[in-house]
There are 2 protein chains.
Amino acid sequence: MSQIPLARRSPIPPENCNLARAIELIGDRWTMLILRAALYGVRRFDDFQSELKCPRTVLSGRLKILVDAGLLTKRTYKVPGKRARPEYVLSAMGISLRPILIGLTQWGDVWLGQGEPAPISFTKAGSKGAIRAAFVDADGREVRPDQIRAVLRG
Amino acid sequence: MSQIPLARRSPIPPENCNLARAIELIGDRWTMLILRAALYGVRRFDDFQSELKCPRTVLSGRLKILVDAGLLTKRTYKVPGKRARPEYVLSAMGISLRPILIGLTQWGDVWLGQGEPAPISFTKAGSKGAIRAAFVDADGREVRPDQIRAVLRG
DNA sequence: CTGAAAGGGTTCGCTTTCTAAATCCAGAGG
DNA sequence: CCTCTGGATTTAGAAAGCGAACCCTTTCAG
């Protein structure tokens with residue numbers, strides 16, 4: 001359980017850090033719950049609302065932020081015989097968050113699962129064994145956590 | 001860019017979902033920024049405060065939550081000639097979030113980097129090429145995002 | 001031709017949380 | 001005993017969250 005060495009400050013000032021920027025953008029309870037639902041296929045305002053049980057004001061505000069940031073695309077759908085309505089679908093930018101949220105799911109399974117088996121697991125298409133979040137080198141081979149080194153630019 | 005099929009609700013009710021639980025716990029701007037700093041080695045109250053520039057009330061509240069949840073361990077350190085003081089170090093539970101935050105860093109590098117090269121990158125100890133967050137099967141071989149399948153229990 | 005329904009919001013007050021600044025507190029050094 | 005320092009709590013005003021009610025448009029039912 002290698003310990004992280006003491007530092008008085010982070011090596012990158014937060015205002016210049018892409019992790020900090022990502023946190024400013026999506027590091028919010030409702031925003032993350034919206035993305036969770038969206039990755040499960042939810043697209044419509046009322047579906048988000050009944051899934052999240054959040055105030056409609058908050059929902060419409062967060063959807064606007066996510067559309068402006070490019071994570072969601074607002075487009076129109078039409079069920080025949082019904083009027084056209086907007087729906088919010090994940091863009092490539094949004095979909096690329098999927099591995100992170102799956103990783104967080106598995107972290108939750110381990111630490112917050114209250115002893116129960118995970119209600120959802122992930123496999124490779126066509127095979128059976130579970131997959132997990134990890135690091136790989138350029139050749140797609142796993143790198144163990146203790147072998148990871150951070151390199152600052154410059 | 002395979003699209004996620006439409007769903008009216010998520011397959012797992014949020015109150016029973018470990019991802020939703022993880023989001024409730026750490027899905028908060030300041031909480032995530034604290035974890036970011038902690039993963040860079042910050043441990044002390046005033047260091048967190050000058051790193052984050054957040055109100056001290058918020059900081060002490062969030063630290064309490066993280067200690068209670070088991071992500072941080074509060075212990076005492078003592079510099080000779082100074083009085084003993086508490087420091088907040090990551091537990092195994094906290095350290096195991098590292099792959100997720102590194103993954104989020106790399107997501108931010110791609111989508112929020114404003115065209116500049118990433119200020120921090122990650123390599124395997126002893127080699128040069130960059131590593132990246134990904135999924136692997138039981139044998140440590142990479143599984144591409146489009147090959148990931150979710151399996152519900154029961 | 002009305003009337004109601006459904007989806008997607010906005011408006012309105014109230015409560016909670018955030019924030020900044022000031023204050024407190026304990027122990028070490030002078 | 002006085003001050004300094006790190007780790008907080010208190011306080012009061014600003015911002016955000018919240019639930020309920022309302023609005024708007026189209027479509028279907030009578």
Side-chain angles (χ1 to χ4, degrees), chain A residues 6-9 14-15 20 23-35 37-38 41-69 72-90, chain B residues 6-9 14-15 20 23-35 37-38 41-69 72-90:
Chain A
L6 174 67
R8 311 300 306 270
R9 297 299 291 270
E15 62 275 15
I23 291 170
E24 304 285 337
L25 178 56
I26 67 162
D28 169 84
R29 187 177 125 89
W30 293 124
T31 303
M32 293 184 78
L33 289 172
I34 288 170
L35 291 170
V42 176
R43 295 185 198 165
R44 299 176 189 172
F45 191 94
D46 268 27
D47 293 343
F48 281 115
Q49 212 274 320
S50 57
E51 172 83 17
L52 306 192
K53 288 163 187 63
C54 78
R56 303 167 76 77
T57 40
V58 173
L59 179 57
S60 82
R62 294 295 196 283
L63 288 174
K64 209 160 291 176
I65 289 171
L66 289 171
V67 169
D68 289 350
L72 293 179
T73 306
K74 186 176 184 173
R75 72 180 189 197
T76 301
Y77 75 95
K78 179 143 172 36
V79 176
K82 305 263 179 180
R83 60 189 276 225
R85 293 188 177 286
E87 68 180 357
Y88 301 88
V89 298
L90 286 167
Chain B
L6 174 66
R8 312 298 307 270
R9 297 299 292 271
E15 61 276 15
I23 291 171
E24 305 284 337
L25 178 56
I26 67 163
D28 169 86
R29 187 178 125 89
W30 294 123
T31 303
M32 294 185 78
L33 289 172
I34 288 169
L35 291 170
V42 176
R43 294 183 197 165
R44 300 176 188 172
F45 190 94
D46 268 28
D47 293 343
F48 281 114
Q49 212 276 321
S50 57
E51 172 83 17
L52 306 192
K53 288 165 189 61
C54 78
R56 303 167 76 75
T57 40
V58 173
L59 179 56
S60 82
R62 295 295 196 283
L63 289 173
K64 208 160 293 175
I65 289 170
L66 289 171
V67 169
D68 289 350
L72 294 178
T73 306
K74 185 176 184 174
R75 70 181 190 196
T76 301
Y77 76 95
K78 179 145 173 36
V79 176
K82 306 264 178 179
R83 61 187 276 224
R85 293 189 177 286
E87 67 178 358
Y88 301 87
V89 297
L90 286 167

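Values reported hereafter were calculated over all heavy atoms of this structure, with side chains retained and with hydrogens, waters and symmetry mates removed. Because the structure is predicted, anything quoted here is derived from the model rather than measured.
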Let me know the distance between [atom1] of [X] and [atom2] of [N], rounded to the nearest Å.
| X | N | atom1 | atom2 | answer |
| --- | --- | --- | --- | --- |
| B:E87 | D:dT5 | CD | C1' | 17 Å |
| A:R43 | C:dG7 | CZ | C1' | 16 Å |
| B:D47 | D:dA8 | CG | P | 12 Å |
| A:Q49 | C:dG7 | CD | C1' | 12 Å |
| A:F45 | D:dT25 | CZ | C1' | 16 Å |
| A:D46 | C:dT10 | CG | P | 13 Å |
| A:L52 | C:dG8 | CG | C1' | 15 Å |
| A:I34 | C:dG8 | CD1 | C1' | 14 Å |

* Touch check for A:Y88, heavy atoms < 4.0 angstrom, all strands: base, sugar-phosphate only, or nothing? -> sugar-phosphate
* Measure the shortest side-chain to side-chain distance between A:P86 and A:F45 over non-hydrogen atoms and say whether it is less than 4.5 angstrom. => no
Which distance, rounded to the nearest 0.5 Å, do you find between the [atom1] of [X] and the [atom2] of [Y]?
| X | Y | atom1 | atom2 | answer |
| --- | --- | --- | --- | --- |
| B:D28 | A:M32 | CG | CE | 10.5 Å |
| A:I26 | B:I23 | CD1 | CD1 | 9.0 Å |
| A:E24 | A:T31 | CD | OG1 | 12.0 Å |

* Hey, mind stepping through B:L72 and B:K64 against side-chain contact (heavy atoms from CB on, under 4.5 Å) and telling me if it holds? -> CA-CA 9 Å; B:L72 294 178; B:K64 208 160 293 175; over 6 Å; no
* Under 4.0 Å from any atom of DNA chain C, heavy atoms only: list the residues of residues 72-86 of chain B that qualify, in numerical order. => B:G81, B:K82, B:R83
* To do: Please determine, for the side chain of B:S60, which listed nucleotide (D:dA8, C:dG8, D:dG7) has the closest atom?
  => D:dA8
* Would you check if the side chain of B:Q49 reaches a backbone N or O of B:P55 as a donor-acceptor pair within less than 3.5 Å? => no
* Asked: Is there a donor-acceptor pair under 3.5 Å between the side chain of B:R9 and the backbone N or O of A:S50?
  -> yes
* To do: Would you please confirm or rule out a distance under 4.0 Å between OP1 or OP2 of D:dT9 and any side-chain N or O of B:K64?
  => yes
* To do: Report, as a single string ordered 5' to 3', how protein heavy atoms within less than 4.0 Å touch nucleotides 16-21 of chain D: B base, S sugar-phosphate only, - not at all.
  => -SBB--
* To do: May I ask you to say whether B:D68 pairs ionically with B:K74, meaning some side-chain N is under 4.0 Å from a carboxylate O?
  => no
* To do: Kindly confirm or rule out a cation-pi arrangement of B:R62 over B:F48, judged by NZ or CZ under 6.0 Å from the six-membered ring centre and within 45° of its axis?
  => no
